[in-house]
Q: 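Here's a structure for you.
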Amino acid sequence: QVQLVESGGGLVQAGGSLRLSCAASGRTFSSYAMGWFRQAPGKEREFVATITWSGGTTYYANSVKGRFTISRDNAKNTVYLQMNNLEPEDTAVYYCAADKSGTWPPRDFGSWGQGTQVTVSS
């Protein structure tokens, strides 16, 4: 089990940028593929991006491809989500998660943070 805490959310105008951070503790951070998800009001939680344990491979939802970048710094036990050219549709609570399966693509994001609010205004 890994414990995750997100930070970096806030209010930004459309076209602006934010960088989210997810600090991890517990089991070896570098052993986990990591992911970012989001949940908008009245909608189900959706996948945003994921990154392998090495950081060498990433995958993005089509809705954020080209705008968001996921990265990780295993020495700091932290995963990041750089969000550029934000749109009002990006407004959601953003969660980071750790995959327990060890497979690619990840199939078991079993550890979740509490989320950080991102609000994008027009």
Side-chain angles (χ1 to χ4, degrees):
Q1 183 72 23
V2 60
Q3 291 75 51
L4 306 171
V5 180
E6 302 94 337
S7 63
L11 175 63
V12 64
Q13 292 185 342
S17 299
L18 286 172
R19 189 182 76 160
L20 306 183
S21 299
C22 176
S25 62
R27 291 181 176 267
T28 304
F29 174 72
S30 61
S31 297
Y32 296 91
M34 300 293 295
W36 285 96
F37 296 76
R38 66 187 183 186
Q39 187 169 22
K43 298 183 179 180
E44 295 184 345
R45 186 173 297 184
E46 66 174 344
F47 166 78
V48 175
T50 190
I51 186 168
T52 58
W53 66 269
S54 67
T57 303
T58 58
Y59 183 79
Y60 299 90
N62 288 334
S63 59
V64 306
K65 194 174 300 181
R67 300 188 298 119
F68 291 10
T69 303
I70 187 171
S71 62
R72 67 192 298 165
D73 186 341
N74 290 343
K76 297 181 178 180
N77 292 335
T78 302
V79 62
Y80 305 96
L81 185 68
Q82 178 66 46
M83 306 185 296
N84 297 326
N85 194 23
L86 284 161
E87 304 170 351
E89 292 74 21
D90 296 316
T91 295
V93 177
Y94 283 71
Y95 301 88
C96 66
D99 173 61
K100 299 190 295 184
S101 71
T103 64
W104 187 261
R107 64 171 180 83
D108 187 14
F109 285 104
S111 298
W112 296 82
Q114 296 302 304
T116 185
Q117 177 70 49
V118 172
T119 303
V120 184
S121 65
S122 300

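Quantities reported herein were computed from a predicted structural model and do not represent experimental measurements.
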Q: Under the side-chain hydrogen bond (donor to acceptor under 3.5 Å, both in side chains) test, which residues partner Arg19, sequence neighbours left out?
A: none

Q: Calculate, to the nearest 0.5 Å, the distance between atoms CG and OG1 belonging to Leu4 and Thr78 respectively.
A: 10.5 Å

Q: Could you tell me which non-hydrogen atom of Thr50 sits nearest to which non-hydrogen atom of Pro106, and how far apart they are?
A: OG1-CG, 3.7 Å

Q: Among pairs that include at least one residue of residues 55-88, which meet ring pair (Phe, Tyr, Trp, His ring centres under 6.0 Å), considering only residues two or more places apart or in two chains?
A: Phe47-Tyr59

Q: Which heavy atom of Gln117 sits nearest to which heavy atom of Ala92, and what is that distance?
A: NE2-O, 3.4 Å

Q: Just grab all the ring pair (Phe, Tyr, Trp, His ring centres under 6.0 Å) pairs involving residues 91-122, residues at least two apart or on different chains.
A: Phe37-Phe109, Phe37-Trp112

Q: Does any N or O in the side chain of Asp99 come within less than 3.5 Å of the main-chain N or O of Asp108, such that one atom is a donor and the other an acceptor?
A: yes

Q: Please name the pair of heavy atoms, one in Val2 and one in Ser25, separated by the smallest distance, quoted to 0.1 Å.
A: CG2-O, 3.0 Å

Q: With no hydrogens and no angle check, is any side-chain donor or acceptor of Asn77 less than 3.5 Å from a backbone partner on Gly26?
A: no

Q: Could you grab the distance from atom CD of Gln82 to atom CZ of Arg67, nearest 0.5 Å is fine?
A: 12.0 Å

Q: Roughly how far apart are Glu87 CD and Ser122 OG, rounded to 0.5 Å?
A: 10.5 Å

Q: Show me the donor-acceptor pairs, under 3.5 Å and distance only, between side chains in residues 5-18 and residues at least two apart or in other chains.
A:
unit_1, atom_1, unit_2, atom_2, d
Glu6, OE1, Gln114, N, 2.9
Glu6, OE1, Gly115, N, 2.7
Glu6, OE2, Cys96, N, 2.8
Glu6, OE2, Gly115, N, 3.3
Ser17, OG, Asn84, OD1, 2.9

Q: Under the criterion side-chain contact (heavy atoms from CB on, under 4.5 Å), which of Thr52, Thr57, Ile51 is the partner of Ser54?
A: Thr52

Q: If I take atom OG1 from residue Thr58 and atom NZ from residue Lys65, how far apart are they, to the nearest 0.5 angstrom?
A: 9.5 Å

Q: Run the numbers on Val118 and Met83 for side chain to side chain contact (heavy atoms under 4.5 Å, CB included), then give the verdict.
A: CA-CA 10 Å; Val118 172; Met83 306 185 296; 3.8 Å; yes

Q: Taking side-chain hydrogen bond (donor to acceptor under 3.5 Å, both in side chains) as the test, write out the residues that go with Thr116, two or more places apart.
A: none

Q: Write out all pairs satisfying disulfide bond (SG atoms under 2.5 Å apart) with one or both partners inside residues 33-93, taking only residues at least two apart or from two chains.
A: none

Q: How long is the gap from CG on Asp90 to CZ on Arg38, to the nearest 0.5 Å?
A: 4.5 Å

Q: Say you draw a straight line from NZ of Lys43 to OG1 of Thr91; how long is it, rounded to the nearest 0.5 Å?
A: 10.0 Å

Q: To check you understand the geometry: which heavy-atom pair defines the closest contact between Met34 and Cys22, and what is its length?
A: CE-SG, 4.5 Å

